[in-house]
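Data block below; observations after.
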Amino acid sequence: MTNIQNNVNISNGFDQRLVAHVAELEQQLNNPTKSKWVTATELLERGLVEVPKLISPIFQRVGVAAVVGSSDTGKSSFLRQMAIAVATGQKDFLGFEIKAKHRSVIYASTEDDENSTASLLSKFNRGQRWNYDRYKGLRFLFDTEHLTQTLDAMLTEQAADLVVVDAFSDLYSGAMNEGNKVRGFLNEFNQLAQKHECLIVFLHHCGKRTEDQAPTKSSIIGSQSFEAKMRLVIELRQDFQEPMYRHLCIVKGNYLPSEYKTESYVLRFDENMTFHETGRRVPFEQLARPTYTESDGQGQYDSLAELIAEGKSQNKAADLLGISKGYASKLMKKYGSVSNGNSEETLTERVETLTPY
C-alpha cells in the first residue's frame, strides 16, 4: 500500500472516531439519566487531603486554568516551555515539581503556524541540545475548528496530562462581556478536562491600562465570568526597570494558601526565549509604577528624596516614581538637593531592599 493510501486510511479512521465521539456527547446531553454521580462516602474513601497537582504546588491536575498578561511578555513562550517540561519528562518546571502521569501534552495554537513553531522549538533546543525524539510526547494542533470535539478524540486516542489553548480570544467569537456565553464556552472545556482527567490552560490577555498597576485578577480583558471559571489564574508581566526579567504572579488560586498570592516569582527571560528561575520574589504592591501630576510637587520631592536617601540614583528614583528625569531635576532645584553617588540599581538590589531573605 502506498504512503498516500496509508495517510487516507489514517485520516478516515480519525474522522470516524471523531464522529463517534460527537455522537456519544450528543447522546449524553439528550439522556440526563446517564449523568455521573458519586457519594460522599466514596469521595472520603479516596483519602485525599489536598487537591492533586500536575505541577506542585501551583497547577492542579484536573480542570481549567489561565495564564494572562499584556502583549510581548512571553506568555506563549512560558506555556510552550511548560508543555515541553511535562512532555519530555523533566522533574521540575522553574523549580516546581512535575507530577505527570502520561508525559503527554497537546498544544492548540491559533497564533503561530507550523513553520514559526518549528523555528521557536529550534531556538529553545539551542540551550538544551536534546535529541529530537525526546519531544515526541508534545503534539501541536493548528486546525482549531471544532476544537473541543477534536481534543476529545485526540485525548481518547492518547491520554494527556496537559492541554494548552493559545489563545482564548481567537477561539471565543462572542462578546467578552456576555457572562453566560463565556461561561458556556468554558464549561465545554472544563467538562472535557474532567472526562479525560487533564488540565486545560488558556492563554488570555490583560488590559493595556493595567500594566502600571499592581497585579490583580480584575485586569483580565472581558467578562468576570472568565476569571470566575478558572481555578488558577497567573499573570505574567515584564519588570518595568529591567526588561529581561518577568514576574510570575498568582492572582487567583482556589487551591493555594494566601502566601502564594502576595508576591511574584522573579524569572529571567533569555535570548532563546527561555525562562529561568531566580529564587527571588517581589511583593505585588512593589510592581505598580507610581504616577504623579506636577501639582504634587512637594510630595513628589519628598518621595524622590526618600528613594535617593535609600541609595537610588536620581534618574532611577524618577523612573520608580513615574516622572521624567528633567522634572525630577526641577524638583531637586526647587525643593532641595540630595546628593548620591550611585548610578544604577539592579533588580537584585531592588528585591533585596524590598523583601527579607
Side-chain angles (χ1 to χ4, degrees), residues 21 24-25 27-29 31-67 78-79 81-107 137-139 148 151-165 183 186-202 217 225-234 248-263 265 277 279 281:
H21 289 306
E24 179 186 351
L25 286 173
Q27 185 178 11
Q28 290 176 357
L29 290 173
N31 189 357
T33 60
K34 286 191 175 182
S35 297
K36 186 176 180 179
W37 55 269
V38 63
T39 68
T41 299
E42 291 172 317
L43 293 175
L44 288 168
E45 286 174 346
R46 296 180 184 181
L48 295 176
V49 179
E50 296 183 355
V51 173
K53 300 296 196 309
L54 172 60
I55 301 177
S56 182
I58 298 177
F59 290 90
Q60 75 270 23
R61 181 176 298 282
V62 177
V64 290
V67 172
F78 176 86
L79 287 171
Q81 185 175 337
M82 176 178 163
I84 290 171
V86 173
T88 58
Q90 295 182 53
K91 293 182 178 180
D92 70 272
F93 172 58
L94 300 173
F96 301 109
E97 182 185 6
I98 296 175
K99 298 181 177 181
K101 288 183 176 180
H102 311 290
R103 290 175 55 173
S104 175
V105 178
I106 299 172
Y107 197 113
L138 176 54
R139 292 173 281 173
T148 52
L151 288 175
D152 189 21
M154 292 178 68
L155 289 165
T156 300
E157 184 177 19
Q158 180 184 342
D161 302 285
L162 172 67
V163 175
V164 175
V165 179
R183 268 194 307 275
L186 292 173
N187 193 51
E188 291 186 33
F189 287 91
N190 187 48
Q191 290 178 350
L192 192 65
Q194 302 298 328
K195 176 180 177 180
H196 294 283
E197 297 185 349
C198 65
L199 175 64
I200 300 180
V201 179
F202 289 88
K217 59 188 179 183
S225 296
F226 179 90
E227 170 268 312
K229 193 65 180 178
M230 301 297 152
R231 302 298 89 190
L232 172 74
V233 179
I234 289 176
L248 187 156
C249 309
I250 302 173
V251 295
K252 178 180 180 179
N254 288 42
Y255 310 127
L256 292 172
S258 59
E259 57 262 31
Y260 289 95
K261 297 175 279 187
T262 57
E263 296 179 318
Y265 293 87
E277 59 177 310
R281 302 188 69 184

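- Of the possible polar contacts, none joining the Arg61 side chain to the Pro52 backbone as a donor-acceptor pair under 3.5 Å is found.
- When atom types are taken as modelled, the side chain of Asn190 and the backbone of Gly63 share no donor-acceptor pair closer than 3.5 angstrom.
- In this structure, the ring of Phe202 has its center less than 6.0 angstrom from the ring center of Phe189.
- Under the 4.5 Å side-chain criterion, counting only non-hydrogen atoms from C-beta, Lys101 is not in contact with Leu54.
- Side chains of Tyr265 and Leu94 form no contact here, defined as non-hydrogen atoms less than 4.5 Å apart.
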(request) May I have the step-by-step check of side-chain contact (heavy atoms from CB on, under 4.5 Å) for Ile55 and Val86, ending in yes or no? (result) CA-CA 9 Å; Ile55 301 177; Val86 173; 4.3 Å; yes
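- Ring centroid separation for the pair Tyr260 and Tyr255 does not come in under the 6.0 Å cut-off.
- Looking at every heavy atom in both residues, Ala228 comes nearest to Lys252 through O-NZ, 3.3 Å.
- Arg46 has its side chain within reach of Leu43: a pair of non-hydrogen atoms, C-beta onward, lies under 4.5 Å apart.
- Two residues are said to be in side-chain contact when any heavy atoms from C-beta on lie closer than 4.5 Å; Leu155 and Val163 meet this criterion.
- Here the side chains of Met230 and Lys217 are not in contact, with every heavy-atom distance at 4.5 Å or above.
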(request) Take Phe226 and Val233 through the test side-chain contact (heavy atoms from CB on, under 4.5 Å) and record every step on the way to the result. (result) CA-CA 10 Å; Phe226 179 90; Val233 179; 5.6 Å; no
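- Counting non-hydrogen atoms of neighbouring residues, nucleotides and ligands closer than 6.0 angstrom, the CD atom of Glu197 reaches no more than 12 such neighbours.
- Among all heavy-atom pairs drawn from Asn187 and Lys229, the shortest one is OD1-NZ, 3.1 Å.
- Using a 4.5 Å cut-off on side-chain heavy atoms (C-beta onward), Ile234 and Ile58 make contact.
- The two residues Arg103 and Gly89 have their closest heavy-atom pair at NE-CA, 3.4 Å.
- Considering Leu162, Ile106, Val165 in turn, Val165 is the only one that fulfils the side-chain contact (heavy atoms from CB on, under 4.5 Å) rule with Ile200.
- Taking the side chain as every heavy atom from C-beta outward, Gln191 and Thr148 never approach each other to under 4.5 Å.
- Nearest heavy-atom pair across Gln158 and Ser104 is NE2-OG, 3.5 Å.
- To the nearest 0.5 Å, atom NZ of residue Lys195 and atom OG1 of residue Thr156 are 5.0 Å apart.
- With rounding to the nearest 0.5 Å, the separation of CZ in Phe93 from CD in Glu277 is 10.5 Å.
- The side chain to side chain donor-acceptor pair (under 3.5 Å) pairs that include a residue from residues 87-96 are Thr88-Gln90, where partners are two or more places apart or lie in different chains.
- Remark: Glu259 CD is packed, more than 12 non-hydrogen atoms of other residues, nucleotides or ligands lying under 6.0 Å away.
- Counting heavy atoms from C-beta outward, Leu232 and Leu256 have side chains that approach closer than 4.5 Å.
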(request) Just do the side-chain contact (heavy atoms from CB on, under 4.5 Å) check on Asn254 and Gln60 with the steps written out, would you? (result) CA-CA 10 Å; Asn254 288 42; Gln60 75 270 23; over 6 Å; no
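- Partners of Lys53 according to the salt bridge (charged side-chain N to carboxylate O under 4.0 Å, His left out) rule, which considers only residues two or more places apart in sequence or in another chain, do not exist here.
- Proximity of a side-chain donor or acceptor of Lys261 to a complementary backbone N or O of Gly253 within less than 3.5 Å is detected.
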(message) With side-chain contact (heavy atoms from CB on, under 4.5 Å) as the criterion, how do Val62 and His196 come out once you've worked through the C-alpha distance, each side chain's angles and the decisive distance to 0.1 Å?
(response) CA-CA 9 Å; Val62 177; His196 294 283; over 6 Å; no
